[in-house]
Engineer: 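There's a structure below that I have some questions on.
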Protein chains: 2
Amino acid sequence: MIHFNRKTEYALIAMEHMIRKEDSHDIGASQLTSAREVAEAYQVPYSLLAKVLQQLAGRGLIKSVHGTKGGYILAKDPEEISVIHIMEIFEGPMALAECFKEEKITCPQWDGCRIKHPLSQLNHKIYHLLADTSVAHLVAGH
Amino acid sequence: MIHFNRKTEYALIAMEHMIRKEDSHDIGASQLTSAREVAEAYQVPYSLLAKVLQQLAGRGLIKSVHGTKGGYILAKDPEEISVIHIMEIFEGPMALAECFKEEKITCPQWDGCRIKHPLSQLNHKIYHLLADTSVAHLVAGH
DNA sequence: TAATATAGGACTAGCATGGTCTTATATGCT
DNA sequence: AGCATATAAGACCATGCTAGTCCTATATTA
Ligand code: SF4
Ligand code: SF4
């Protein structure tokens with residue numbers, strides 16, 4: 001089926017939260033966002049969210065700060081981060097059909113398959129929809 | 001992740017096969033297509049394909065003929081059958097996020113969730129891509 | 001009556017998802 | 001120094017879905 005898994009959604013929720021926080025320009029307020037802060041604000045399981053943020057940090061999308069008063073902060077322009085980028089971190093390469101993401105073809109139907117080319121076109125259209133939507137678009141008013 | 005499951009692919013393969021057969025206008029050749037014929041032509045597991053075709057017949061997309069020399073034949077204009085229609089038979093309602101297909105909301109994040117509206121827009125765009133692609137489009141040259 | 005087709009239910013191995021728990025480490029505050 | 005709190009990372013697990021098999025019943029033709 002076509003759907004986001006929870007990790008992707010939690011990542012998007014957290015990113016939206018951090019973008020909005022940055023936009024608010026609250027002088028004095030820390031720009032850092034901790035996993036706990038997001039977990040409590042949106043009722044997301046803390047342990048799982050923590051690892052989601054760790055992965056985002058590992059990919060360089062956000063920067064982490066250790067220790068008390070630590071947390072995360074955006075490391076890139078949110079306009080430059082696409083929804084498909086987040087998705088592929090948590091769900092692997094997007095492919096409507098298995099054969100669209102494989103080096104060596106494992107699908108037994110491949111030889112005789114006559115639908116792979118038209119489906120590949122659909123695949124590209126959906127991919128570009130997701131690639132053309134940045135996480136900044138998720139923030140209301142953007 | 002965003003992908004078709006095998007049943008959907010097998011259904012699309014079978015539909016494409018039947019459309020092409022109908023287009024060929026072979027006088028004398030039976031227009032009926034058996035599950036075994038498709039299974040052998042595309043190396044699809046017969047038992048599984050049989051049930052896929054049964055479901056398509058149950059939904060009225062194809063008509064079944066019992067007995068020896070029986071099989072299936074298209075019951076509707078393939079231009080009028082969308083890819084999303086086939087998908088939703090085998091994978092349930094399409095929804096990028098769970099909350100897009102529920103009557104009563106079960107997602108714990110729903111109240112505070114700020115990404116559901118922008119994601120819903122994405123959802124509709126993808127849905128219409130799939131709704132605007134008919135199974136007839138899958139046939140080469142269409 | 002035998003062969004072959006659809007109809008449909010029961011069952012299962014394997015895998016992905018979504019989650020928890022534990023430990024290690026870094027940092028700020030008193 | 002010592003504690004509280006933050007990230008980092010791995011092990012572990014319950015549940016549900018996927019993709020498939022197998023078996024039986026029924027309809028039709030030769
Ligand atoms: S070859 Fe055809 S059946 Fe196999 S994965 Fe690609 S599209 Fe699907
Ligand atoms: S409410 Fe938000 S988090 Fe919950 S399913 Fe909908 S989009 Fe996802």
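Reminder, nothing fancy here: chain letters follow the sequence lines and each chain counts from 1. Quick caveat, the model's predicted, so the values are computed rather than measured.
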Engineer: With sequence neighbours left out, what residues match Q54(B) under side chain to side chain donor-acceptor pair (under 3.5 Å)?
Structural biologist: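 With sequence neighbours excluded, Q54(B) shows a side chain to side chain donor-acceptor pair (under 3.5 Å) to no residue whatsoever.
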
Engineer: Are H137(A) and P118(B) close enough that some pair of their side-chain heavy atoms sits under 4.5 Å apart?
Structural biologist: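 SC-SC contact between H137(A) and P118(B) ruled out.
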
Engineer: Going from CD1 on I13(A) to CG on L138(A), what distance comes out if it is rounded to the nearest 0.5 angstrom?
Structural biologist: 10.0 Å

Engineer: Kindly calculate the angle separating the two end axes of the helix from dT1(C)-dA30(D) to dT30(C)-dA1(D), each obtained from five base pairs, and round it to 10 degrees.
Structural biologist: 0°

Engineer: Considering every strand and a 4.0 Å limit on heavy-atom distances, what is the contact class for A35(A): base, sugar-phosphate, or nothing?
Structural biologist: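 Answer is sugar-phosphate: A35(A) comes under 4.0 Å of backbone atoms only.
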
Engineer: Sequence neighbours excluded, which residues qualify as side chain to side chain donor-acceptor pair (under 3.5 Å) partners of H17(A)?
Structural biologist: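 H17(A): side chain to side chain donor-acceptor pair (under 3.5 Å) contacts with E37(A), Y42(A).
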
Engineer: What is the distance, rounded to the nearest whole Å, between atom CD of E91(A) and atom P of dT17(C)?
Structural biologist: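 Value for this atom pair: 7 Å.
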
Engineer: K51(B): what forms a salt bridge (Lys or Arg N to Asp or Glu O under 4.0 Å) with it, not counting sequence neighbours?
Structural biologist: none

Engineer: Starting from C1' on dA16(C), measure out to CZ on F90(A) and report it in whole angstrom.
Structural biologist: 16 Å

Engineer: Just one of V135(A), L61(A), I62(A) clears the side chain to side chain contact (heavy atoms under 4.5 Å, CB included) bar with K76(A), so which one?
Structural biologist: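 The side chain to side chain contact (heavy atoms under 4.5 Å, CB included) with K76(A) is passed solely by L61(A) among V135(A), L61(A), I62(A).
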
Engineer: What N/O pairs connect the protein and nucleotides 26-30 of chain C at under 3.5 Å? Give each pair on its own line.
Structural biologist:
from, atom 1, to, atom 2, distance (Å)
dT27(C), O2, T68(A), N, 3.2
dT27(C), O2, T68(A), OG1, 3.2

Engineer: Could you list the residues that satisfy salt bridge (Lys or Arg N to Asp or Glu O under 4.0 Å) with E98(B), not counting sequence neighbours?
Structural biologist: K101(B)

Engineer: Which pairs, with at least one residue in residues 111-132 of chain B and sequence neighbours excluded, count as a side-chain hydrogen bond (donor to acceptor under 3.5 Å, both in side chains)?
Structural biologist: none

Engineer: Please report the distance, rounded to the nearest Å, between CZ in F4(B) and P in dT18(D).
Structural biologist: 14 Å

Engineer: Counting only N and O atoms by type, is there a donor-acceptor contact under 3.5 Å from the side chain of Q109(A) to the main-chain atoms of Q43(B)?
Structural biologist: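 Such a contact is found between Q109(A) side chain and Q43(B) backbone.
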
Engineer: Check salt bridge (Lys or Arg N to Asp or Glu O under 4.0 Å) between E80(B) and all other residues, then give those that pass, not counting sequence neighbours.
Structural biologist: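 Partners of E80(B) by the salt bridge (Lys or Arg N to Asp or Glu O under 4.0 Å) criterion come out as none, since no residue qualifies.
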
Engineer: Between the protein and nucleotides 20-22 of chain C, list every N/O to N/O distance that falls short of 3.5 Å.
Structural biologist:
from, atom 1, to, atom 2, distance (Å)
dT20(C), O4, K51(A), NZ, 3.1

Engineer: Could you grab the distance from atom CG of L56(A) to atom OG of S64(A), nearest 0.5 Å is fine?
Structural biologist: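 Rounded to the nearest 0.5 Å, the CG-OG separation comes out at 11.5 Å.
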
Engineer: For L32(B), is there any backbone N or O sitting under 3.5 Å from a side-chain donor or acceptor partner on K69(B)?
Structural biologist: no

Engineer: When you look at V44(B) and E9(B), which way does the side-chain contact (heavy atoms from CB on, under 4.5 Å) test go after all the steps?
Structural biologist: CA-CA 10 Å; V44(B) 173; E9(B) 292 213 63; over 6 Å; no

Engineer: Round to a whole Å and report the spacing from OH of Y72(B) to P of dA27(D).
Structural biologist: 15 Å

Engineer: Heavy atoms only: give me the nearest L119(A)-L96(A) pair and the separation to one decimal.
Structural biologist: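 Result for this residue pair: O-CD1, 4.0 Å.
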
Engineer: To the nearest angstrom, how far is E37(A) atom CD from dT5(D) atom P?
Structural biologist: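 Value for this atom pair: 15 Å.
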
Engineer: Take atom CG of L49(B) and atom C1' of dG20(D), then tell me their distance rounded to the nearest Å.
Structural biologist: 13 Å

Engineer: Can you give me every donor-acceptor pair (side chain of residues 83-93 of chain B, partner residue at least two apart or in another chain, under 3.5 Å) with its distance?
Structural biologist:
from, atom 1, to, atom 2, distance (Å)
E88(B), OE2, M94(B), N, 2.8
E91(B), OE1, M1(A), N, 2.9
E91(B), OE2, N5(B), N, 3.0
E91(B), OE2, T8(B), OG1, 2.5

Engineer: Could you pick out which residue, R36(A) or M1(A), lies toward the 5' side of DNA chain D when each is mapped onto its nearest nucleotide?
Structural biologist: R36(A)

Engineer: Go through residues 52-64 of chain A and report each residue with a non-hydrogen atom lying under 4.0 Å from DNA chain C, sorted by number.
Structural biologist: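 Contacts with DNA chain C under 4.0 Å: none.
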
Engineer: Rounded to the nearest angstrom, tell me the gap between atom CD in E98(A) and atom P in dA19(D).
Structural biologist: 8 Å

Engineer: With rounding to the nearest 0.5 Å, note down the distance linking OH in Y72(B) to CE in M18(B).
Structural biologist: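 Output value for this atom pair is 9.0 Å.
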
Engineer: For DNA chain C, which residues in residues 5-14 of chain A have a heavy atom at a distance below 4.0 Å?
Structural biologist: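 Here the set is N5(A), R6(A), Y10(A).
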
